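Being a predicted model, the structure only gives us computed values, none of them experimental. Proteins come first, then strands; the chains are lettered A, B, ... in the order of their sequence lines, and each starts at number 1.
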2 protein chains.
Amino acid sequence: MLGVSLIPIRSGSSPAPSAGSGAERSDAARNRELLLCAARQLVEECGADGVTMDKLAERAGVGKGTVFRRFGSRAGLMMTLLSDAEAEFQGRFMFGPPPLGPGAPPLERLIAFGAERIRYVMEYGELARAAEASLHNRFEAPAAVLWHRHIEHLLGSAGFDADPWLMAMSLSATLEPERLLHAVRVQHLSPERLEESWRQLVTRVVGGAAG
Amino acid sequence: MLGVSLIPIRSGSSPAPSAGSGAERSDAARNRELLLCAARQLVEECGADGVTMDKLAERAGVGKGTVFRRFGSRAGLMMTLLSDAEAEFQGRFMFGPPPLGPGAPPLERLIAFGAERIRYVMEYGELARAAEASLHNRFEAPAAVLWHRHIEHLLGSAGFDADPWLMAMSLSATLEPERLLHAVRVQHLSPERLEESWRQLVTRVVGGAAG
DNA sequence: AGACTAAACGGACTGCGGTCCGGATATTAT
DNA sequence: ATAATATCCGGACCGCAGTCCGTTTAGTCT
């Protein structure tokens with residue numbers, strides 16, 4: 001097992017600086033707090049899709065440049081807002097109790113992973129969608145890479161013998177927020193039905209054999 | 001079999017008006033020709049991602065409003081540019097020779113469909129990606145609905161007995177242009193490897209059975 | 001031909017994400 | 001305390017997709 005570090009995503013509300021030489025300047029820290037607070041307010045008021053960088057800057061009482069220096073982009077802002085929930089989810093499927101965490105058979109872990117992911121998207125879907133929107137490298141995002149590796153690893157453990165890397169890509173595609181949100185919110189499919197279909201999918205992929 | 005109409009997408013370079021009372025006005029027809037011609041030039045020069053609506057309007061010598069009246073949106077423009085290739089592809093998998101068209105066993109048709117789709121994306125991927133970008137209802141686009149129904153139908157014919165609608169959604173997700181382009185252009189996977197993984201996927205999905 | 005009308009035109013305008021750089025400020029060294 | 005400096009701030013600015021509405025024009029009717 002590789003020594004993968006947990007939570008490679010942006011530090012959430014924690015005050016710790018990322019790296020480099022000196023610590024974070026006090027005004028910068030203060031502004032980050034203001035921005036995160038204002039952002040959460042705005043998400044609650046307008047929904048994730050209704051949050052604009054201008055509104056956020058105005059609400060927090062800072063300049064627009066400050067917003068972009070802090071978060072890099074709109075997607076970066078959304079990732080930051082998600083980071084706590086994301087870290088908690090990562091902890092559960094990597095170190096938590098079975099069937100999601102280690103201890104259960106790989107196929108059951110895969111099934112549980114999909115089910116948990118669907119629930120996650122039902123709760124944070126808008127943020128998650130916004131976090132990967134327009135990002136030219138949404139597939140390289142640390143969280144996405146981690147999920148991919150996890151699925152790939154479970155496929156391998158379950159005895160899947162043909163290109164687990166690509167199969168993990170296909171399975172990840174099924175669980176993308178945009179698709180799941182559309183299925184539930186527009187086409188009115190129940191999350192339970194999505195979970196059952198995921199179960200069918202992974203069971204057949206792991207179990208079946210193709211010449 | 002339902003009487004699905006072929007090519008429900010935007011009429012390409014054909015001069016025919018869509019419907020309604022009167023025919024298309026002559027200046028409108030002239031401007032559409034100018035716009036399509038200019039658009040193809042720009043795609044060749046700048047790539048699909050480099051085409052902006054302003055550039056297009058200037059190149060065609062028309063106002064910006066005209067561009068949007070004609071195509072509705074940037075995505076609409078891209079769909080129009082794709083319509084010929086798209087119609088040809090649709091014709092092939094619905095009425096063409098086996099194994100893609102009718103006559104071959106469903107599983108072989110599914111395998112061929114993925115392979116052809118991958119080749120299609122290798123050729124028109126940028127346009128296809130741009131055609132479904134930012135569209136709030138990319139999943140409702142006529143072409144996407146048609147593919148979905150086709151896959152669903154093949155799954156049913158192959159004896160798949162559990163929620164073919166959702167399974168078709170998962171399979172479609174694997175074939176999305178953005179993902180395939182990223183796999184080939186950024187991660188340098190060969191199209192052949194993608195095709196083989198698709199073959200594994202559909203074979204297992206169709207063949208295996210899950211309690 | 002001349003008047004009438006519905007359709008098409010065009011470009012100014014808005015809102016957005018993102019960039020840039022001159023000026024302000026916190027921190028450190030003296 | 002004062003000076004030096006690296007960092008941060010702010011908002012003007014850009015390019016883009018998409019909208020709006022006053023103006024022009026093609027087709028039609030007399």
Counting primed atoms, P, OP1 and OP2 as sugar-phosphate and everything else as base, the B/S/- map of nucleotides 24-30 of chain D against protein heavy atoms under 4.0 Å is -BSS---
Contact string for nucleotides 10-15 of chain C, one letter per nucleotide 5' to 3', B = base within protein heavy-atom range under 4.0 Å, S = sugar-phosphate only, - = neither, reads BB----
Sorted by chain and number, sequence neighbours left out, salt bridge (Lys or Arg N to Asp or Glu O under 4.0 Å) with A:R69 holds for none
Taking atom [atom2] of [N] as reference, at what distance in whole Å does atom [atom1] of [X] sit?
X	N	atom1	atom2	result
A:L42	C:dC16	CG	P	12 Å
A:F71	D:dC8	CZ	P	14 Å
B:M78	D:dG18	CE	P	10 Å
B:F68	C:dA8	CZ	C1'	17 Å
A:R70	D:dT7	CZ	C1'	10 Å
B:D54	D:dC14	CG	P	15 Å
B:M53	C:dC9	CE	C1'	16 Å

ring-ring contact (aromatic ring centres under 6.0 Å, His included) pairs touching residues 175-196 of chain B, sequence neighbours excluded, are A:F139-B:H182
With sequence neighbours left out, the residues meeting ring-ring contact (aromatic ring centres under 6.0 Å, His included) with B:Y124 are B:Y120
Pair [X] + [Y]: basic N to acidic O under 4.0 Å:
X	Y	value
B:R119	B:E116	yes
A:R199	A:E196	yes
A:E126	A:R129	no

In this structure, CZ of B:R193 is separated from CH2 of A:W165 (nearest 0.5 Å) by 7.5 Å
Residue set satisfying side-chain contact (heavy atoms from CB on, under 4.5 Å) with B:Q41, at least two apart, ordered chain then number -> B:C37, B:E45, B:R59
